[in-house]
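Heads up: the structure comes next, in structure tokens.
Counting convention: from 1, in listed order, for ligands and their atoms alike.
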Amino acid sequence: MDQRKKRGFGRKASLAGVIGLAGAAMAACDVAPPENAVFDFLRMGWPQGITPEATAMGNFWVWVWVAAWIIGFIMWGIFLYAVFGKWNAKKAEKRGEGEFPKQLQYNVPLELVLTIVPIIIVMVIFFFTVQTQERVVALDKDPEVEVDVTAFQWNWKFGYSNVSGSLTENGQEYVGVDEERQATAEDSKVEEGGVNPIHGKSKSDLSFLNYNEIETLGTSDEIPVLVLPSNTPIQFNLASGDVAHSFWVPEFLFKRDAFAHPEANQQQRSFQIEAIEEEGAFVGRCAEMCGTYHAMMNFELRVVSPEAFTEYLAFRQDNPDAPNSQALQAIGEDPYAITTRPFSSDRNTADGNNYVDPAANL
Ligand SMILES: [Cu+2]
């Protein structure tokens, strides 16, 4: 009895050791899948990520597909074997077996295996989920550029709230808060002499919104182009001026909802990326159903070299009234979005006659 107990403990201890070692080994690896047609297929249409976080998620996504395909093939195999193979009634008849198959039930060892194996699979996938997720949502990346993203029905506003000295012309940290408008927003917290129904705050409290001196505001005629430097850690601070939206750059392989009152809704409005490793234009979309013109909330991310970004920021500081397109032109960039364009807001009928006779129903 004692002997058996000891052996049981030993076995448990060594199992725990193996699991611990495997965990440590897995934690140390960030395995990129090989670059070939098979693994390209396994991306299932995911774009190639342009941030280290995106690469980590892309790799994880591919390996989960590997696991899913293996499970799928095994399950389809068993299913097809059951339908057309051994347990096919016609084939059984040919083999001269009786009308009724063996009356089996309750294969407890098999049930145990088929319960424990999926639990292990889910545990392993969950382990890597946590590992990847921790990296993606980490807020310790020491951002050099902080962008305030404000979503509204139905467009975007991007402002620079903080840029480190390494990216400014005079080497000084740039703080871009528009104090005046921020103070006005702060004042909207409490309505003087009015009803303040939400913990003593006004219903039209807009103090959670960010206002910056340099802002890029999208309109129905112009796609907002957010200019960012490559190879620089960046923080995005999200908020919505009305309903819930979602800030999605497909090449980031990441999105996050933009909420009104994010803190009051227990939402972490900020996320960071270590760097954008590729320069160029990348489309962005609203990924949260936000109303009639949800589909028209495209924006563009224009990633330029840090030097060009410094120039861009200086131009916008020096020319506060110049539109974003001019600043882009000044640094030799396309002035308008190239990955998407404003949608036609024309709502005419097929024959171009949109006239409804108000007396028609009288
Ligand atoms: Cu939206």
Heteroatom N/O/S of His294 within less than 2.8 Å of the Cu ion (ligand 1):
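No N, O or S atom of His294 is closer than 2.8 Å to the Cu ion (ligand 1), so no.
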
Let me check your reading of the structure: within less than 2.8 Å of the Cu ion (ligand 1), is there an N/O/S atom from Met297?
yes

Lys/Arg N to Asp/Glu carboxylate O, Arg95 vs Glu93, below 4.0 Å:
no

With a cut-off of 6.0 Å (strictly less than), are more than 12 heavy atoms of other residues, nucleotides or ligands near CZ of Phe84?
no

For the atoms SG of Cys290 and SG of Cys286, give the angle they form at the Cu ion (ligand 1), rounded to 10 degrees.
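It is 120°, given to the nearest 10°.
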
Would you check if there is a donor-acceptor pair between the side chains of Asp205 and Ser207 at a distance under 3.5 Å?
yes

For the Cu ion (ligand 1), which N, O or S atom of His245 is at the shortest distance?
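Relative to the Cu ion (ligand 1), the closest nitrogen, oxygen or sulfur of His245 carries the name ND1.
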
Out of Glu53, Gln235, Lys141, which one pairs with Gln272 under the side chain to side chain donor-acceptor pair (under 3.5 Å) rule?
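Testing Gln272 for a side chain to side chain donor-acceptor pair (under 3.5 Å) against Glu53, Gln235, Lys141 leaves exactly one candidate, Gln235.
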
